[in-house]
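Each remark here refers to the structure printed beneath this line.
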Amino acid sequence: MTKRVMVIDDDRGIRSFLQKTLYVKGYEVVVAERGASGLQKLLTGNFDLVFLDLNMPEISGQTICAALRKQEKTKNLPVVMMTAMFKTAQQIEDALKEYDASAFLLKPFTVAALFEVVEAQIGTASAAGAEPFDGKASQVKDEPTTDSAEKKTEPPAKVETEPLSGSLSKAEFPQLLHRLYKQKLTGLLHLQKNSAKKVIYVKSGYPIFVRSNILGECLGRMLVKDDVITQVDCDQSIENSKTSGRLQGTVLIEMGLLTPQDLHDALKQQVTEKLLNVFAWPEGLFRFVPQENFKKSVTSIELSPAGLILEGIRNYWEKERVEGYLRPYLTDYLKQAENPVYLFQDMGLSRRGEEVFAECLGDLTLESILTRHPLSKNEVQQVLAALIVSGMVIPQTTASRLDDDGRARRKADRPIDSELRKQILEDYKRIMPVDYFTALDIGHKSDSATVRRAYYKLAKQYHPDRYLGRGLSNDMENKVNEIFGHITQAYTVLSDPTTRTEYRDELENGPKAKIDVNQVIEAETSFQQGRSLLKIRQYRDAAKKLKISIELSPEEPEYLTSYAWAVFKSSPENPGVQNQALEILLASRELNPGLEETHLFLGHVYQALGKERQSEKSFEMAVQANPNCTEALRELRLINLRRGQPEPSRGMFKKFRNKEK
């Protein structure tokens, strides 16, 4: 039987990397971005192993682990915690005891280290007779770096946000995408080339949706270009859409030209191609406007920024443009990024791309890597350009040494300087026990520029590469790594004005109250009980249970949707109840526009309110969210029949009739 693994981490790159890597080995993987939702899944599902990020908003990894140990169902569940904070064996040993975790995985980690800890805890994905988990803690850490090269230093994930506007001829689009990802920005990226205009919606550095005024990028034109429909079909669908006021996609389904699944796939392709087409713009203007709240869409871009960069370069950059970008790096040595924020991006590499990425260990120049692939030079050039743009590979001027024996001999030749050892110990005692402001030797009111200057000064002094070949003992090396890790974490927190303010408030007023784990468990329990009552049509009792869940967790869209439905079904003819349910469903839709049930229930509530057009639109959105939503398909068919229109012979309604048979 396939083993199930849960991954809870607020870093999308880490989630994607673990999901993809474990899936290839045959494990079933479920991911969660928030600690609260991940805990709910763990308490209601069956899992063999869980990966937990140590530091997350709302509920920390250690809090989740403690909650799991208190539940009969999960008290023996193997828990692997992930962190970049710990460096020494003693720190890990102490943390294992304190948090009651089964193992620690230190970021950044290799694939080999990942599978070492997985197989130690639960064996291979579906191995018969695998050894059961014995409850003993273990620890896995990445191999110590042997790189002594002079690098082009990777910046921390969060950097100071400068105004983002200018010309695409000076700041090319792929670099712009990576900058948005690197700075984790949220807002609207406005693009213009002559009369063509586009707006890219960006959330935490990830493009999620695109609007465009280019006629050729509308759904019908795209389908004509791909030979899915004819131009005559397209023109007729546009005319029908104008007459009925319905979406063109729904009209195409009614005409029998698309199935709901076809529409779902076409909309995904359309929104992605709108973005990728910008790679072909050699010039234009861009302007990024930070904005936290913007209209969300059911259809969203599913490729990561790195994946978009690769697809854009592969499909829209000509050979000369790729070669021109790579030319300055031909004699540089390429090394995989050490920062997991960049290293673990999901680029969607092909088998050859994975091979090229694996060759970037710091001992080969870009030119020498190209000579290894004479028959696929163009593809390899595209991959290398995408890897460099996305920060997954770092060009460096000097080769990395991969020979551990050579490093050991250098240590023996150069005994440690006693003054250097003394300085490291003094700085270690001064920096490690104190808060981030004190560690960087700045005041609590310092701005981002001051934070950056203080960090760069210390980072230059305590970058681990500066101490290679200095004859340091393992203990001294660990202390250097701890100092560098601590000041880098300090910079990550203090360089961002929002997190700096939050951190200062916690120092001065005490830490913010974390989410009560017992409250999360109680909310989920009430939700499950309410759902069970809904199934047997005990609507009033269901509403009582579900009300408890939303009082305890008011921003969980599934809770809100189920509660609204229970309220509505308790008294479906009551106008006051109808409007109450509508208000709750609209709030849930704002939180998660991709939840099928929300649109479905909105359709029924709008029907009860006599708002036929809004009802139909909601059922259409339910089908977009899930092309197999049978109930929404049925309601759309009935609406069509009530209009007295002839029933189409194929498409959406044929699919529904086949299901009924």
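Here the closest non-hydrogen pair linking Leu52 and Cys65 is CD1-N, 4.0 Å. Tyr181 and Pro305 get closest at one heavy-atom pair: CD1-CG, 3.8 Å. Contact record, Ala439 with Leu458: O-CD1, 3.4 Å, taken as the closest heavy-atom pair. The two residues Ser549 and Ala523 come nearest to each other via the heavy atoms CB-O, 3.3 Å. Residue Ala101 comes nearest to Met81 through the heavy atom pair CB-CG, 4.1 Å, listed as atom of the first residue, atom of the second, then distance. Considering every non-hydrogen atom in both Ser167 and Leu285, the closest pair reads CA-CD2, 4.3 Å.
With rounding to the nearest 0.5 Å, the separation of CG in Leu49 from CE in Met6 is 11.0 Å. We find the CD-CD distance between Glu283 and Gln192 to be 12.0 Å, quoted to the nearest 0.5 Å. Rounding to the nearest 0.5 angstrom, the gap separating the CD atom in Gln461 from the CD1 atom in Ile424 is 9.5 Å. Annotation: the span from Ile313 atom CD1 to Leu384 atom CG amounts to 10.5 Å, rounded to 0.5 Å. Here the CG-CD1 distance, from Leu303 to Ile309, works out to 11.0 Å after rounding to the nearest 0.5 Å. Rounding to the nearest 0.5 Å places CH2 of Trp281 at 13.5 Å from OG of Ser169.
Judged purely by atom type and a 3.5 angstrom limit, Ser553 has no side-chain atom pairing as donor or acceptor with the backbone of Ile550. No side-chain donor-acceptor contact under 3.5 Å links Gln345 to the backbone of Ser304. In this structure, the side chain of Thr450 does not engage the main chain of Ser446 through any donor-acceptor pair within 3.5 Å. Checking side-chain atoms of Ser165 against main-chain N and O of Arg287 turns up no donor-acceptor pair under 3.5 Å. Between the side chain of Arg15 and the main chain of Val31, no donor-acceptor pair closer than 3.5 Å is present. Listed for the Gln396 side chain is no donor-acceptor partner under 3.5 Å among the backbone atoms of Leu334. Under a 3.5 Å cut-off, the side chain of Thr438 and the backbone N or O of Val434 do not form any donor-acceptor pair. Looking at Thr186, its side chain does come within 3.5 Å of a backbone N or O of Ser204 through a donor-acceptor pair.
With sequence neighbours excluded, the residues forming a salt bridge (Lys or Arg N to Asp or Glu O under 4.0 Å) with Glu302 are Lys268, listed by chain and number. Scored by the side chain to side chain donor-acceptor pair (under 3.5 Å) test, Glu172 finds Arg321 as partners (sequence neighbours excluded). By the side chain to side chain donor-acceptor pair (under 3.5 Å) test, Glu558 is found to be paired with no residue, residues two or more places apart in sequence or in another chain being considered. A search for salt bridge (Lys or Arg N to Asp or Glu O under 4.0 Å) contacts involving Glu556 returns Arg34, not counting sequence neighbours. Residues satisfying the salt bridge (Lys or Arg N to Asp or Glu O under 4.0 Å) criterion with Asp447, sequence neighbours excluded, are absent altogether. Scored by the salt bridge (Lys or Arg N to Asp or Glu O under 4.0 Å) test, Asp427 finds Arg430 as partners (sequence neighbours excluded).
Ring to ring, Phe288 and His190 are not that close: their centroids are 6.0 angstrom or more apart.
Leu440 places a side-chain heavy atom less than 4.5 Å from the side chain of Ile487. Between Val30 and Lys41 there is a side-chain heavy-atom pair separated by less than 4.5 Å. At least one side-chain heavy atom of Leu494 sits under 4.5 Å from a side-chain heavy atom of Ile442. Considering only heavy atoms from C-beta on, Thr74 stays 4.5 Å or farther from Val50 through its side chain. Taking 4.5 Å as the limit, some side-chain heavy atom of Leu68 sits within range of a side-chain heavy atom of Leu39. Using a 4.5 Å heavy-atom cutoff, the side chains of Tyr333 and Leu364 are not in contact. Side-chain contact between Phe173 and Leu177 is present, with at least one heavy-atom pair separated by less than 4.5 Å. Residues Leu191 and Ile200 have side chains in contact (heavy-atom distance under 4.5 Å, counting atoms from C-beta outward).
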> Can you list the steps and then say if Tyr329 with Thr365 is a side chain to side chain contact (heavy atoms under 4.5 Å, CB included)?
Replying inline: CA-CA 8 Å; Tyr329 303 111; Thr365 64; over 6 Å; no
> What's the verdict on side chain to side chain contact (heavy atoms under 4.5 Å, CB included) for Val117 and Leu105, showing C-alpha distance, side-chain angles and the deciding distance?
Replying inline: CA-CA 8 Å; Val117 72; Leu105 196 55; 4.1 Å; yes
>> side chain to side chain contact (heavy atoms under 4.5 Å, CB included) for Phe209 and Ile301? Distances and angles first, verdict last.
In response: CA-CA 6 Å; Phe209 190 69; Ile301 296 171; 5.9 Å; no
> Does the pair Gln423 and Tyr428 meet the rule for a side-chain hydrogen bond (donor to acceptor under 3.5 Å, both in side chains), with working shown?
Replying inline: CA-CA 8 Å; Gln423 183 64 49; Tyr428 184 85; over 6 Å; no
> Does the pair Asp53 and Ile14 meet the rule for a side chain to side chain contact (heavy atoms under 4.5 Å, CB included), with working shown?
Replying inline: CA-CA 10 Å; Asp53 183 37; Ile14 296 291; over 6 Å; no
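No hydrogens or angles considered: nothing links the side chains of Arg500 and Tyr436 as a donor-acceptor pair under 3.5 Å. Looking at Tyr559 and Glu524, their side chains do bring a donor and an acceptor atom within 3.5 Å of each other. No hydrogens or angles considered: nothing links the side chains of Glu502 and Thr498 as a donor-acceptor pair under 3.5 Å. Gln183 and Arg179 share a side-chain donor-acceptor pair at under 3.5 Å.
Within 6.0 Å of the CD atom in Glu551, the count of heavy atoms belonging to other residues, nucleotides or ligands exceeds 12. The neighbour count for Lys193 NZ, taken as heavy atoms of other residues, nucleotides or ligands under 6.0 Å away, is above 12.
For the side chain to side chain contact (heavy atoms under 4.5 Å, CB included) with Leu18, the qualifying choice from Val29, Val118, Leu114 is Leu114, the only one to do so.
Remark: Lys457 is not positioned above the aromatic ring of Tyr455, lacking an NZ or CZ atom under 6.0 angstrom from the ring centre and at most 45 degrees off the axis.
With salt bridges taken as basic N to acidic carboxylate O contacts below 4.0 Å, one links Asp100 and Arg69.
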